[in-house]
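Remember, it's a predicted structure, so these values are computed and weren't measured experimentally. All chains are named by letter (A, B, ...) in the order of the sequence lines, taking the proteins before the strands, and each is independently numbered beginning at 1. Atom set for the values below is all heavy atoms of this structure, side chains included, hydrogens, waters and symmetry mates excluded.
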Protein chains: 2
Amino acid sequence: MRPFSKSIDMLREVGLRPTRQRMALARLLFDHEDRHVTAETLHAQARNEEIKVSLATVYNTLNQFRDAGLVREVVVEPGRSYFDTNVDNHHHFFNVDDGVLSDIPVTDVTVTSLPTPPAGTVIDRVDVVVRVSKRA
Amino acid sequence: MRPFSKSIDMLREVGLRPTRQRMALARLLFDHEDRHVTAETLHAQARNEEIKVSLATVYNTLNQFRDAGLVREVVVEPGRSYFDTNVDNHHHFFNVDDGVLSDIPVTDVTVTSLPTPPAGTVIDRVDVVVRVSKRA
DNA sequence: GTGTTTGCAAAGTGTTTGCAATTTA
DNA sequence: TAAATTGCAAACACTTTGCAAACAC
């Protein structure tokens, strides 16, 4: 298998040109499972690994990946977006002390009896965020 | 009962001076139940009702009310904070098409089998957001 | 009168965008 | 070489802050 071919295929499938920046970010995101990044943290990691990419491109790329369904955007704090590489149905812990977001195994939380949505609307998705903090 | 005495008492109880601006905003917020406002929408409403208050004061007041436990901050969209006058345990619908946030009656959603929080942390609160959109 | 609060404008934070230069196919 | 993408800096939307004037007690 040629190097990077997985990233190339993934990008081609969603109609994005496999540029150097997009492939590098795809590898950072998808070589390990269940990552939770912000544009800033992903950009910092890229810099650490000597990948040349601007912060604007990181923002644009994350938005394109989200639109393509490769990552999911998670909003838990005002003024900051997290992107989750796990796009399956699942929920989150959010540590309000250090801002760390982590997955809750699907089996560990169960929402029973979903409410009837307001007239004229349908349910897109149910997000459960369990806010945690340091034990007192 | 003297006018405004409820607002005065409420503010005194949480250690905030009952200024003209804080009393006016308290009345807008608490004279009707279960309001969901942003700083901008509350400021707009104040202007409509001829209440003189700056946007900065609306922001500061909402933050003070939140710190005092009079309102709850709800984050569902990047770059915008909603404040909910219902501080009891409950959940939300969020209409992604028009940005309208509404309460889910407590009895209409049940989260069973809460997950074990990460080591060294305790659960502060569980937020369920049901994202809805116009029926296709 | 003394300390608190307000309003304004400026600053701050995270994010998006216009456009020339570069890269991809 | 034609179209897409990048990077920079400027623009943006929302929110916070510094400070002098106004207000509460």
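Across all strands, A:Arg80 comes closer than 4.0 Å only to sugar-phosphate atoms, never to a base (heavy-atom distances). Counting non-hydrogen atoms under 4.0 angstrom, A:Pro18 reaches the backbone sugars and phosphates but no base. At the heavy-atom level, B:Arg12 lies under 4.0 Å from the strands shown only through sugar-phosphate atoms. Backbone-only contact: A:Ser81 has heavy atoms under 4.0 Å from sugar-phosphate atoms and none from a base.
Put simply, CG on B:Asn60 is 12 Å from P on D:dT15, counting in whole angstrom units. The CD atom of A:Glu40 sits 7 Å away from the C1' atom of C:dG14 (whole-angstrom rounding). A:Gln64 places its CD atom 11 Å from the P atom of C:dT16, with the value rounded to the nearest Å. With rounding to whole Å, A:Tyr59 atom OH is found 14 Å from C:dT17 atom C1'.
We find that B:Arg35 and B:Asp84 are not joined by a salt bridge, their nearest charged nitrogen and carboxylate oxygen being 4.0 Å or further apart.
Side-chain N/O atoms of A:Gln21 include one lying less than 4.0 angstrom from OP1 or OP2 on D:dG7. In terms of phosphate contacts, B:Thr57 brings a side-chain nitrogen or oxygen within less than 4.0 Å of OP1 or OP2 of C:dG7.
You'll find a donor-acceptor pair under 3.5 Å spanning the side chain of A:Arg17 and the base of C:dT24, going by distance alone.
Residues B:Ser133 and A:Asp124 have side chains that bring a donor and an acceptor to within less than 3.5 angstrom of each other.
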